[in-house]
Amino acid sequence: MARIAIALLLLVQATPARSPRLADPYTRKLLDEWVAAVTNHVPGVLDQPAATIASWDRDALLRVQPLARAWVDVLGATWRARQMKSVPLSEVDRAEIKRLATAPDQLRANDFIKRAALLHTDVVLLAQLVPGAVPPRKPRSQMSLLEREEAVPLVIARGPDGRFSSVELGNLNWDYARDLLDAVTPAPEADETVALWYRTIGAMFASSYSFGEAWPHIERARVLFPNDAGILFGDAAVQETLASPRIQDYVRVTKLPNGQTFLFVESENYHLKVAVGLFKRALYQDPAHAEARLRLGRVLSQMGRHVEALAELQAVPPQQDAVVAFYTHLVRGDVERAMARYDAAQHSYQQALELFPSAQSARMALGHLARLRSNRDVALALLQPALTAPLPRTDDPWWDYFRGDGRNSEALFRRLRAPFLVTAPR
Amino acid sequence: MIRASLVLSAIWWLAATAHGQPTFKAQVDGVRVDVMVVDGSRKPFRGLTPGDFDIRDNGVPQKVDVISFGEVPLSVTLAFDLSDSVAGDRLTQLQRSVHGLAEALESRDESAFLTFDSAVTLRCPMSANVTCVRAALDNVKPAGQTSLVDAAFAGMVVGESEVGRSLLMMFSDGMDTASYLPSRLVIDAARQSDVVAYGVTTGGTMPEFVEDLANVTGGRVLVAQRDADLSSTFRAVLDEFRYRYLVTYTPTGVAREGWHKLDVRVKRSGAHVRARPGYQGR
C-alpha cells in the first residue's frame, strides 16, 4: 500500500522573488520550455512537457515564476496587469514578454492560463508516480541565492501510523497554478473552470490529508468563491477532520524540530464550530446536499447537540449513494446511543451493516452497544465476522470518512480535464 | 461489570477438579480486583493473606473473602500493531517476541491473537493451544493505518474470561489514525471489564489512550528502548501479570450501581500496590 503522508502546515514569511533577466540564456531557455509545455501538455498525462517541468529544481521554478506571471498578465490584461510593477521585472524583460506573449501563434488568454494551471497540477500529481521524475531536495549549501531567499512554505509530513515523519518544502507548483488562475478574465471568481479547479484540488488535498498544502488553497478559495456549495462543503469537511482525534492527538503530542509550531490547527471546539458554520452555508446554497447535512449532524453530535444532530440526520434525503447512506445510518446510531435510545441505535447500525455487511466500523458500533447492554457474548458474536473476514479488507467506507470531499476527487478531476481533452493542444 | 461470582466458581472448580471431585458453581454478588504488589526492587511480594489487604469501596472498608496468587490460569490476548511502521527489523523482533511468549504460557493458560492496521484481525481465537499464536506473525506484511482504539475494544471483548485472569497486552509504535470507536467510549467499557491492559511501545510517545487504558484497568505501559528489547519487555509483562494477586470481596455498605472508587492497600512495609482505581457497578 502506498504511504499516505498527512501534512500540516508551517509557513515562513514571504519575500519577493528577485528579478530574473531574460538576457540570461538559461532563464530564457527555461521560459521557452515552460511556454512550450503549457501549449503541448495533455491534461492528466505524464507526457514529455509535464516531465520537463517536473524535472526543474526550485531554482528553475523560481526563475520562471515572475516571467510566467507577467506572461499571463499581458495575455489577460487583467487588473493585475495594471499593477505589473509589483512583478519584479526590468522594463526590457517586460517588453520582451509582451512581444512573445502576444505573438499570433500563441493560445488565447484563458485557454493558456487554464492549461498552465493544469500543467502545474499534473506536474505535482503525476510526477509523484514516477520515481526520479522530481529532482531531490538540495542541501542548503548547494542552493542558489534565489532559493535561499525564497519564501518557503513548510509542511509537516506524517506517516500513516500517525508519527512525525519530516519537515518538507511546500510544492511551488501549487503557487504557480493559483497565481496563474488569478489572471483569468474577466474575473477568476466568475469562471466555472477556476471554481472547479479549486474544488477539485481541495478534494485532492483532503484525500491525501495534505492539510499543510491545503491551507493557502482554502484561504484563496474562500475569497474567490464564498458562496460555492461544493467549495464550502470541502472546506467544512477539512474543518471536521482537523477536529478529529487523529489530528488533535497528533498535534498535542508531536514535538517539532527547531522549536517550530503548527499553524492553522486550533482546538477541537474551534474547528467544530467553523465546520458547523460552513456546512450550514453550503446547505443554504444547496439544501439538497445530503452529505453536507449528514456531516452537519455528525459535527453537532460531536458538540453534544444531539437533538439538533438527530433532526439534521432525519432530514437527509433518501438516496442512491450507498456510502452517504451508510454514513448517515452510522452517525444516526451514534447519536441515538448517546441519547440512550439503544433499540433505535441498534436499528440504525444494522441498517448501515446491511449496506456494507463486512464493514468493521458498523460491527464495532454494534459490538460496543451490546457490551454497553452487558452482553459480552453478543458483542463477540457481532464483532467476529469483521475480525475474521479474509484479508485484505477494503470494504469499510468509514476508513475514507475523514477524506471528506476527497471521495469525489477522481470524478472531479475527470470533469476538470474533460474540456481540455476535447480541444487538443497544438 | 466485575463478576466475582464467576471467579469464585473458577477457583473452586480448579480446587475441586484437582481432587477429582464434582464441580459446582457458586453465585456470589462480589467484586474481584487484580492487584500488583511488588517490593522495592519490583519483585512480586509473596505470601500475603486476605488479612494483609485493606480494600475500601467508595471509602467503605471491605472484608476480603479470597485471594489467589499465581494460581488462576491466564487468558492472554495479544493485540499487535501491524501498520506500515512495523515493517523491517521491528517485525522480526515482534515475531521473536511472540515465539517467546508462546513458550512462557503454561498449559492451563489460554491465549488469543489480534493484529491491527486499518482493520482489526483476530488471527487466533482464545484457546489453550499456542500453535496458532506461535505462527501468527510468520507470514504477515505490515501496511496501512492504525486502528488502535478499535483493537483495544475488540481485545477486551475477546479476552474477557469467565475462568481465567484476563490480560490484554497491546503493542503499538504509533497513534490511532483509523478507529471508529471514540477512545472515551472504550475507556468507559474498560472500567466495566475485568481485563487488565498493559501497553508496550518502542520509544517515542505512547498514545495517551494506551496510558489511560492501562491506568483504568490497573495495568502499566512499558517502553522497549530498542526493538531488540521487545522480547524481554513482553516477557516481563507476562511474568509481572502472572504474579499478581486476585482479591475478591463482597461489597457491603455501598450502593450497587454507579462508579465505585477503589482504594487498595497492603499492610506490609515496603509493599508497592497497583490496582484499578475503581469499577462501574450495575
Side-chain angles (χ1 to χ4, degrees), chain A residues 1-4 6 158-165 209 244-247 249-250 252-255 302 330 334 337-338 358-365 367-372 374 376-396 398-402, chain B residues 1 3 81-86 112 114-123 125-126 140-151 153-162 172-186 188-189 192-194 204-209 282:
Chain A
M1 178 173 174
R3 283 184 70 89
I4 303 165
I6 302 178
R158 192 178 90 159
D161 64 347
R163 282 199 166 186
F164 170 74
S165 163
Y209 294 149
S244 69
R246 62 192 65 191
I247 300 299
D249 291 351
Y250 175 69
R252 190 162 55 246
V253 305
T254 301
K255 290 188 177 69
Q302 294 293 301
L330 205 56
D334 287 350
R337 188 209 61 231
S358 308
Q360 180 177 286
S361 54
R363 290 200 172 272
M364 283 287 164
H368 176 265
L369 189 64
R371 186 71 186 69
L372 197 62
S374 297
R376 178 257 178 188
D377 291 339
V378 172
L380 184 57
L382 286 164
L383 289 180
Q384 202 99 17
L387 302 182
T388 55
L391 295 168
R393 288 178 227 142
T394 54
D395 51 358
D396 189 344
W398 174 254
W399 292 330
D400 288 330
Y401 184 84
F402 287 108
Chain B
M1 178 170 173
R3 291 165 299 189
D81 184 347
L82 274 192
S83 64
D84 193 67
S85 57
V86 173
L114 285 160
T115 57
F116 55 98
D117 40 60
S118 304
V120 183
T121 303
L122 179 61
R123 293 178 184 270
M126 191 64 79
V140 297
K141 189 166 182 276
Q145 303 197 48
T146 308
S147 282
L148 177 66
V149 177
D150 284 355
F153 177 71
M156 240 177 342
V157 174
V158 167
E160 283 174 330
S161 170
E162 296 188 352
S172 180
D173 66 348
M175 299 178 65
D176 192 297
T177 56
S179 284
Y180 177 70
L181 293 174
S183 57
R184 68 181 164 73
L185 289 189
V186 177
D188 284 347
Q192 298 172 21
S193 169
D194 288 341
T205 309
M206 191 64 176
E208 288 172 351
F209 166 73
R282 283 172 181 264

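Quick note on labels: first sequence line is chain A, next is B, and so on, each numbered from 1.
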Q: Does any N or O in the side chain of A:R246 come within less than 3.5 Å of the main-chain N or O of B:D176, such that one atom is a donor and the other an acceptor?
A: no
Q: Could you tell me if the side chain of A:L330 sits less than 4.5 Å from the side chain of B:Y180, heavy atoms only?
A: yes
Q: Who wins among B:T121, B:L148, B:V120 for the most heavy-atom pairs under 4.5 Å with chain A?
A: B:V120
Q: Of the listed residues (A:T388, A:D334, A:D396), which shares the most heavy-atom pairs with chain B below a 4.5 Å separation?
A: A:D334
Q: Does any heavy atom of chain B fall under 4.5 Å from the side chain of A:R363, the backbone, both, or neither of them?
A: neither
Q: Sort B:S183 into side chain, backbone, both or neither according to what part of it lies under 4.5 angstrom from a heavy atom of chain A.
A: neither
Q: Do A:R371 side-chain atoms and B:V157 backbone N/O form a donor-acceptor pair below 3.5 Å?
A: no
Q: If only atom types and distance count, is the side chain of A:R376 paired as donor or acceptor with the main-chain N or O of B:V158 below 3.5 Å?
A: yes
Q: Between A:Q384 and B:L122, which heavy-atom pair has the shortest distance, and what is it?
A: NE2-CD2, 3.6 Å
Q: Taking side chain as everything from C-beta outward and backbone as N, CA, C, O, which of these in A:L383 sits under 4.5 Å from a heavy atom of chain B? Side chain, backbone, both or neither.
A: side chain
Q: Taking A:D249's backbone N and O only, do any of them form a donor-acceptor pair with B:E208's side chain (distance below 3.5 Å, no angle check)?
A: no
Q: What part of B:L181 gets within 4.5 angstrom of chain A, counting heavy atoms only: side chain, backbone, both, or neither?
A: side chain
Q: Does the side chain of A:M364 reach to within under 4.5 Å of the side chain of B:S147, using non-hydrogen atoms?
A: no
Q: Of the backbone (N, CA, C, O) and the side chain (C-beta and beyond), which part of A:A362 lies under 4.5 Å from a heavy atom of chain B, both, or neither?
A: neither
Q: Could you grab the distance from atom NE2 of A:H368 to atom CE of B:M156, nearest 0.5 Å is fine?
A: 8.0 Å
Q: Rounded to the nearest 0.5 Å, what's the gap from OG1 on B:T177 to OH on A:Y209? Could you check?
A: 7.5 Å
Q: Between A:A386, A:A365, A:S244, A:A379, which shows the greatest number of heavy-atom pairs under 4.5 Å with chain B?
A: A:A365
